[in-house]
Amino acid sequence: MLIGAGFAAAAAWQQHRVDAHPLRGLDRGTHVWVRVVPVDDPKALPTKSFRGQQWMMRSELVEYRYGADNVRAGGAVLVLAHGAGWSQLLPGQPVTFRARVDRPWRSDLTVAVLRAQGSPASIGPPPWWQRIAGSVRADFAEAAQRVLSPDAAGLLPGLVIGDTSRLPDHVRANFRETHLTHLTAVSGANITILLGAVLLSMRALTVDPRIAAVAAGLVLIMFVILARPTPSVLRAAVMGAVALLALCTGRRKTALPALCTAVIALLAWSPALAVDAGFALSVLATAGLILLAPGWSSWLQSHGFWRAPADALSVSTAAFVVTAPVIIGLTGHFSFIAIVVNVLVEPVVAPITVIGALGAVLSCIWTPLAHLVLFCTGPPLWWLLTVSARAAALGASVALPSGLGSGLIVAVVCAILIIALRSRPAPRRQPRASDRTAGQQGP
């Protein structure tokens with residue numbers, strides 16, 4: 001109760017600061033000179049013929065000038081820009097430009113939407129770590145384009161580090177149609193796979209567990225820097241660490257308090273995550289992995305499934321069931337074959353992630369070896385692209401009404417399904433003939 005009251009007071013104070021921000025006092029359409037610092041890479045928006053390519057980037061306001069007044073005020077802003085000079089901006093790189101003030105679209109802590117008028121007037125230097133990360137990302141993308149097909153080369157950076165700037169539109173549409181878009185964003189699954197690969201490698205080399213933990217921590221820090229330390233990436237890092245804890249310990253009683261602690265810490269650090277759909281989906285998917293997937297996998301194995309397919313089916317089904325209400329409530333889109341598609345592509349996600357991450361590191365060290373490593377991602381990427389294209393061509397999806405009502409109805413259906421699956425006891429194993437013979441003969 002005390003933590004909840006403290007969070008409510010802190011969130012109310014931050015919302016009051018946003019409402020009282022001096023930029024909110026300007027009329028809509030007012031032109032100002034602003035200086036901002038991007039917190040993420042520019043994202044390409046759908047192309048409009050009359051304006052050309054547009055870019056969107058979330059930034060932190062430093063100051064703005066309206067008339068003769070120069071006001072230094074912070075706050076989160078959303079920048080919409082078109083023209084030259086925007087696509088190459090790096091996070092942490094100060095930029096000054098003339099903008100038209102608009103109201104924010106979402107009910108979060110965004111102060112305003114700034115529509116840039118023309119190219120940037122001045123661009124400052126980025127932090128050294130962001131410059132190194134940008135160089136690695138560029139070398140990685142260039143190496144992938146040299147050895148892979150255009151579709152695979154555009155998809156690989158998205159799967160490994162969440163860089164979708166080169167992802168073709170038709171691949172993006174296929175992934176959206178088959179509910180595979182979570183693969184092209186940095187999620188807890190990326191972190192779990194990478195940290196799991198590091199820990200397994202250390203265990204195979206008989207390295208001390210404490211050294212292995214330090215190595216995993218360093219890999220996590222380097223990955224966060226490479227994928228950009230945005231709220232979504234930090235959220236994925238925390239959720240991935242929690243999921244890895246659940247997989248390594250096998251104790252749901254340990255993982256669930258860790259998940260709750262992570263949620264509290266993330267909301268304390270960034271209250272705007274409370275209205276972020278990605279945060280809700282990540283928390284729900286991790287909770288499904290902790291609470292539902294192990295039991296469903298055991299039930300499938302007791303019915304004759306092998307462990308690997310049982311784990312794959314239970315993980316995909318659990319993640320889909322617990323996130324379906326939010327997805328349908330937001331988008332109104334439902335695919336009947338989403339679970340099947342996720343099960344089919346799941347075996348290739350981990351190899352692509354691990355090999356791609358290794359290729360990203362080698363691309364800035366030794367290019368020929370990086371090309372050889374990235375060439376090995378060709379077959380699994382072909383499988384992923386083929387499954388998504390064939391599944392999208394089936395058109396096995398329906399459009400449902402979006403909104404709170406649809407989300408609540410789907411949530412009730414999913415809750416009934418979960419209760420029904422949890423209430424079914426596992427079948428008892430019938431004793432074999434050799435067991436009965438041994439029992440009759442006695443000790």
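Both backbone and side-chain heavy atoms feed into the values below; hydrogens, waters and symmetry mates do not.
Closest of all the heavy-atom pairs between G75 and E60 is N-OE2, 3.0 Å. Nearest heavy-atom pair, T353 versus L159, reported as atom, atom and distance to 0.1 Å: OG1-O, 4.4 Å. Here the shortest heavy-atom pairing between D139 and C364 reads OD2-CB, 3.8 Å. Between G359 and A370, the closest heavy-atom pair is O-CB, 3.9 Å. Considering all non-hydrogen atoms of both residues, V373 and I355 come closest at O-CG2, 3.4 Å. Closest heavy-atom contact between W299 and S302: O-OG, 2.6 Å.
In this structure, L61 and H21 have side chains that are in contact, with non-hydrogen atoms separated by less than 4.5 Å. Residues F279 and V263 form a side-chain contact, since some pair of their non-hydrogen atoms from C-beta on lies under 4.5 Å apart. Side-chain contact between V36 and L114: present, with at least one pair of heavy atoms (C-beta onward) separated by less than 4.5 Å. In this structure, D41 and M57 have side chains that are not in contact, with every pair of non-hydrogen atoms separated by 4.5 Å or more. Inter-residue side-chain proximity for R28 and R100 is flagged as unmet; no heavy-atom pair is nearer than 4.5 Å. Here the side chains of V113 and V77 are not in contact, with every heavy-atom distance at 4.5 Å or above. The side-chain heavy atoms of I161 and F140, taken from C-beta on, include a pair separated by under 4.5 Å. Within the 4.5 Å cutoff, no side-chain heavy atoms of V79 are placed close to those of W55.
Each of P125, P91, S135 was checked for a side-chain contact (heavy atoms from CB on, under 4.5 Å) with Q130, and the lone residue meeting it is P91.
Taking CZ from R115 and NE2 from H31, the interatomic distance works out to 11.0 Å, rounded to the nearest 0.5 Å. Annotation: the span from F320 atom CZ to L284 atom CG amounts to 13.5 Å, rounded to 0.5 Å. Expressed to the nearest 0.5 Å, how far CG of L23 lies from CD of E63 amounts to 12.5 Å. If you take CG on N174 and CD on E177, they are separated by 8.0 Å, rounding to the nearest 0.5 Å. In this structure, CG on D151 lies 14.5 Å from CZ on R166, to the nearest 0.5 angstrom. Taken from CG in L281 to CD1 in I327, the straight-line distance is 5.5 Å, to the nearest 0.5 Å.
Annotation for Q88: atom CD does not count as buried by contact number, only 12 or fewer foreign heavy atoms lying within 6.0 Å. Within 6.0 Å of CZ in R24 there are more than 12 heavy atoms belonging to other residues, nucleotides or ligands. Summarising the local packing, CZ of F375 is surrounded by 12 or fewer heavy atoms from other residues, nucleotides or ligands at distances under 6.0 Å.
Take R35 and apply the side chain to side chain donor-acceptor pair (under 3.5 Å) test, not counting sequence neighbours, and it matches T96. Residues forming a ring-ring contact (aromatic ring centres under 6.0 Å, His included) with F97 (at least two apart in sequence, or on another chain): W86.
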Show the atom names and distances, to 0.1 Å, of all donor-acceptor pairs under 3.5 Å that link a side chain in residues 380-393 to residues at least two apart or in another chain.
from	atom 1	to	atom 2	distance (Å)
W382	NE1	T386	OG1	3.4
W383	NE1	L344	O	3.0
T386	OG1	W382	O	2.7
S388	OG	L384	O	3.2
S388	OG	L385	O	2.9

